[in-house]
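Heavy atoms only: backbone and side chains are in, while hydrogens, waters and symmetry mates are out.
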Amino acid sequence: MKKNATLLLLMVSLFATAQQETIDQKVNVLLKKMTIEEKIGQLNQYTGDNSATGPITINPNKQAEIKAGLVGSMLNIIGTKYTRQYQELAMQSRLKIPLLFGQDVIHGYKTTFPIPLAEAASWDLAAIELAARVAASEAAASGIQWTFAPMVDIGRDPRWGRVMEGAGEDTYLGSKIAYARVKGFQGNKLGDLNSVMACVKHFAAYGAATGGRDYNSVDMSERMLFETYLPPFKAALDAGAATFMNSFNDVNGIPATGNAHLQRDILKGKWNFQGFVVSDWGSIGEMVAHGYSKDLKAAALSAITAGSDMDMESNAYRYNLAELVKEGKVSVDLIDDAVKRILRKKFELGLFEDPYRYSDEKRAEKVLNNPENRKAAREVAEKSIVLLKNDNETLPLSKNLKTIAFIGPMVKEYKANMGFWSVELPDLDYEKWVVSQWDGLQNKVGKNTKLLYAKGCEVEGDNKEGFAEAVATAKQADVVILSIGEKRDMSGEAKSRSDLHIPGVQEDLVKAIQATGKPVIVLVNAGRPLIFNWTADNVPAIVYTWWLGTEAGNAIADVLFGDYNPSGKLPMTFPREVGQIPIYYNHFSTGRPPADENSKGYVSSYIDLKNSPKFPFGYGLSYTKFNYSDLKLSSTKIKSNETIKVSFQLSNTGKMAGEEVVQLYLKDKFGSVVRPVLELKDFQKVKLNAGESKTIEFTIDKEKLSFYNDKLEWIAEPGDFEVMIGASSADIKLKSGFELN
Ligand code: GLC
């Protein structure tokens, strides 16, 4: 039996190698036929004009250039009709090299899933992979072969609007999610008609922008880069990611786009990445603005030398590479390497056999937004919701309530539920296609429940004229649901905020409604951690609903009425005030750690604020209760080549079935460099029925004990370790320890 399996494995790998050799042979044959202009054309990517995702450069010759074989890829060309039209232009070129069509399919193509940060709050890797799978199947049915996702930037600063696009602050969780998203987008293999190429971005450390201000500089030690910011990229690469995208920011003084250390030494060298790197929008040309390149020609030289294979929308390669080759400043080998990387992917996608295979209207009609996909979107949305507070068991609501008031500027919103980076398909009737929060409530309650609505106020501005009507409406109800938050486009790219409080007078509205004495539930809609201290301290129930996509209203109603028991946990720390930022759970101790959140004096704290966050990383409540007990370690002393089995009992001691994300944290008590006060090293999302108990097991191995020392060696050092099992990073239920010899 074993022999057959080995034989089969050998045959499969031989076949794959043979297939790759065939592709490499085809690439080399084609390359030999190409002029230098046609080679450079493959490195050139333009945007369509359907939806700009960056500063547009007007170029009326795009279509002519495609026909002349001077364009290798387009982005923002939406749908089967337009992609087919543009592909037909490419088929008129001398060598008929097909175009790649890329799109920011970040959290859904037509069926829109929760924003990625919300999905990260589910801690459900299967759900996250499913969301990417559905997105890929819909995009690939619509002419797209390449999504510019997953974004895997570690985000420790909620002022940065793009935290909405990633997986939060933690390297371990972010790496697991990066892997799942690549697997979801790319499926079994590239070339399948329900798979698209992933594009891991933004390489690298874009989330560490100084001041949380988008596009701003990044400066960090190589150790921090390797220990905190690079692992999710490596995880994505290990998942087989086909492409990478570099980032706008400079890293330690060199723009990522022109950064050979990042792209050649690490990505293509140490990690042996065989795919291709696309620049971010115009980022090659932006090296002039960085003050790194004298002009566009110098930028082109830096970028191609540093390993940027494709130029998105800066025209630097289009207008300068040929001359640089002629001047002997750029070797044709560099160009050929980049061209081969791109052509290999076009062969793998089957585009040379059939350039139109992804632009299939019939398949699009069957796949886009079908009931199965919407069901998936609703399930992922439910799992992404985080219950932050539920005093006096205010939730779940009874379905026999007589009157419910639903108040606030988000209640009847449609497009807002999409969050940033939803795909702006043409002619979308959002009111028909999205389930608003109001629709969701109407779908949920029976005919005996009366629903009342008042807007109360706008998201922004200081107009309180709507308060009187809102208060009067609240007074008629048995319970009040208030839906407040940011606008959809207050987070995302170029959406950094210096102030993270709920905008406008919305918290004043909460106060006015709370003063009626009615039970109040607040829903917070946002693309990032927000600050709402008064609400958090005074309102009995708070549900963080992020932006949940097409099925938002149904998913929220499912949670509010207990048809889904909330299971989300925060993937980012929520600060009390902006002044605490950057604030994240796995910080170093310092020499004067505060004893608790109120410690003052000669300790590392603020004289005007508590030290703790408002809500910690990994935090989220359930309608049921979980008990943790009976922690056991298989050993309290191990050698570096040995492992420890950690086990404990998890019991559902409440009245409802529910899921709990149990978190394994480790603390290396001392090391050759200071170590975090605790670090997430594993987790499991466990579903238990009421009264059910289960033994949960984790394995601690050398990998989980290792870190980069000051020589950048990945090592596990002998010493004492603490083992913690937590319901969050600040709620450690069980603790033990062991020694590494
Ligand atoms: C944008 C973003 C990048 C996106 C690209 C194409 O500026 O930074 O994430 O994929 O341009 O839209």
Side-chain angles (χ1 to χ4, degrees), residues 15-16 19-20 22-27 29-30 41-42 45-46 48 50 63 66-67 69 71-105 108-111 132-149 182-199 240-243 275-276 278 310 339-370 373 423 425:
F15 173 71
Q19 207 182 25
Q20 190 57 39
T22 320
I23 287 182
D24 288 345
Q25 284 161 346
K26 286 177 181 171
V27 165
V29 165
L30 178 54
Q42 288 304 301
Q45 180 186 57
Y46 287 142
N50 295 83
Q63 301 205 4
I66 294 170
K67 279 198 272 191
V71 184
S73 168
M74 295 293 292
L75 71 144
N76 296 331
I77 301 291
I78 300 263
T80 52
K81 185 168 131 251
Y82 284 117
T83 50
R84 183 173 283 274
Q85 263 174 14
Y86 274 80
Q87 200 65 287
E88 281 163 357
L89 296 173
M91 289 306 110
Q92 293 171 44
S93 66
R94 185 176 76 89
L95 292 171
K96 300 187 184 344
I97 299 175
L99 289 170
L100 275 178
F101 292 102
Q103 186 70 38
D104 294 288
V105 184
Y109 180 76
K110 180 161 190 180
T111 306
R133 195 85 291 279
V134 171
S137 62
E138 293 194 356
S142 311
I144 304 296
Q145 307 102 5
W146 182 23
T147 177
F148 302 128
V182 169
K183 285 296 183 189
F185 284 126
Q186 298 193 166
N188 295 328
K189 80 175 164 54
L190 290 186
D192 288 352
L193 286 175
N194 59 1
S195 294
V196 294
M197 290 198 299
C199 182
T243 70
F276 69 85
V278 62
M310 186 182 279
V339 175
K340 287 199 287 190
R341 289 171 181 268
I342 292 164
L343 291 180
R344 265 202 294 271
K345 293 305 166 202
K346 292 187 176 183
F347 276 107
E348 284 175 35
L349 291 166
L351 288 172
F352 282 93
E353 282 83 58
D354 174 4
Y356 307 105
R357 63 195 301 260
Y358 292 85
S359 305
D360 177 342
E361 193 51 37
K362 284 209 178 14
R363 195 169 75 240
E365 275 155 23
K366 261 202 339 263
V367 170
L368 265 58
N369 199 43
N370 68 31
N373 292 352
V423 178
L425 298 177

* Structure fact -> Here the pair of heavy atoms bringing Ala136 nearest to Asn194 is CB-O, 3.6 Å
* Summary of salt bridge (charged side-chain N to carboxylate O under 4.0 Å, His left out) pairs that have at least one residue in residues 87-105, sequence neighbours excluded -> Glu38-Arg94, Asp104-Lys201
* To do: Could you pull out the closest heavy-atom pair between Tyr86 and Leu99, with the gap in Å?
  => O-CD1, 3.5 Å
* Asked: If you measure from CD on Gln63 to CD on Gln85, what distance do you get to the nearest 0.5 Å?
  -> 7.5 Å
* To do: To the nearest 0.5 Å, tell me how far Gln42 CD sits from Met310 CE.
  => 7.0 Å
* Residue pair Val367 / Ser137: nearest heavy atoms and the distance that separates them -> CG1-O, 3.6 Å
* Do the non-hydrogen side-chain atoms of Ile97 and Phe352 ever get within less than 4.5 Å of each other? -> yes
* Asked: Is it true that Phe185 and Trp146 have ring centroids separated by less than 6.0 Å?
  -> no
* **Donor-acceptor contact present, side-chain Lys366 to main-chain Glu361, <3.5 Å** => no
* Over all heavy atoms of both residues, which pair between Ser73 and Leu100 is shortest? Give the atoms and the distance, please. => OG-O, 2.9 Å
* Check whether any side-chain heavy atom of Ile66 lies under 4.5 Å from a side-chain heavy atom of Met74, and answer yes or no. => yes
* Say whether, by atom type as modelled, one donor and one acceptor occur between the side chain of Arg344 and the main chain of Val339 under 3.5 angstrom. => no
* To do: With rounding to the nearest 0.5 Å, note down the distance linking CG in Leu368 to CG in Asn373.
  => 8.0 Å
* Contact check, side chains of Tyr82 and Asn76, non-hydrogen atoms, under 4.5 Å -> no
* Could you grab the distance from atom CG of Leu190 to atom CE of Met197, nearest 0.5 Å is fine? => 7.0 Å
* Test item: side-chain donor near acceptor, Gln87 and Ser359, under 3.5 Å -> no
* **Those residues that, when tested against Ser93, pass side-chain contact (heavy atoms from CB on, under 4.5 Å) (two or more places apart)** => none
* Do the side chain of Asp192 and the main chain of Ser195 share a donor and acceptor less than 3.5 angstrom apart? -> no
* Asked: Where the side chain of Glu138 meets the backbone of Lys110, is there a donor-acceptor pair that is under 3.5 Å apart?
  -> yes
* Asked: Do the side-chain N and O atoms of Thr80 and Ser142 include a donor-acceptor pair separated by under 3.5 angstrom?
  -> no
* To do: Locate the shortest heavy-atom distance separating Pro98 from Leu351; write the atom from each residue and the value.
  => CG-O, 3.4 Å
* State which residues pass ring-ring contact (aromatic ring centres under 6.0 Å, His included) with Phe101; sequence neighbours excluded, sorted by chain then number. => none
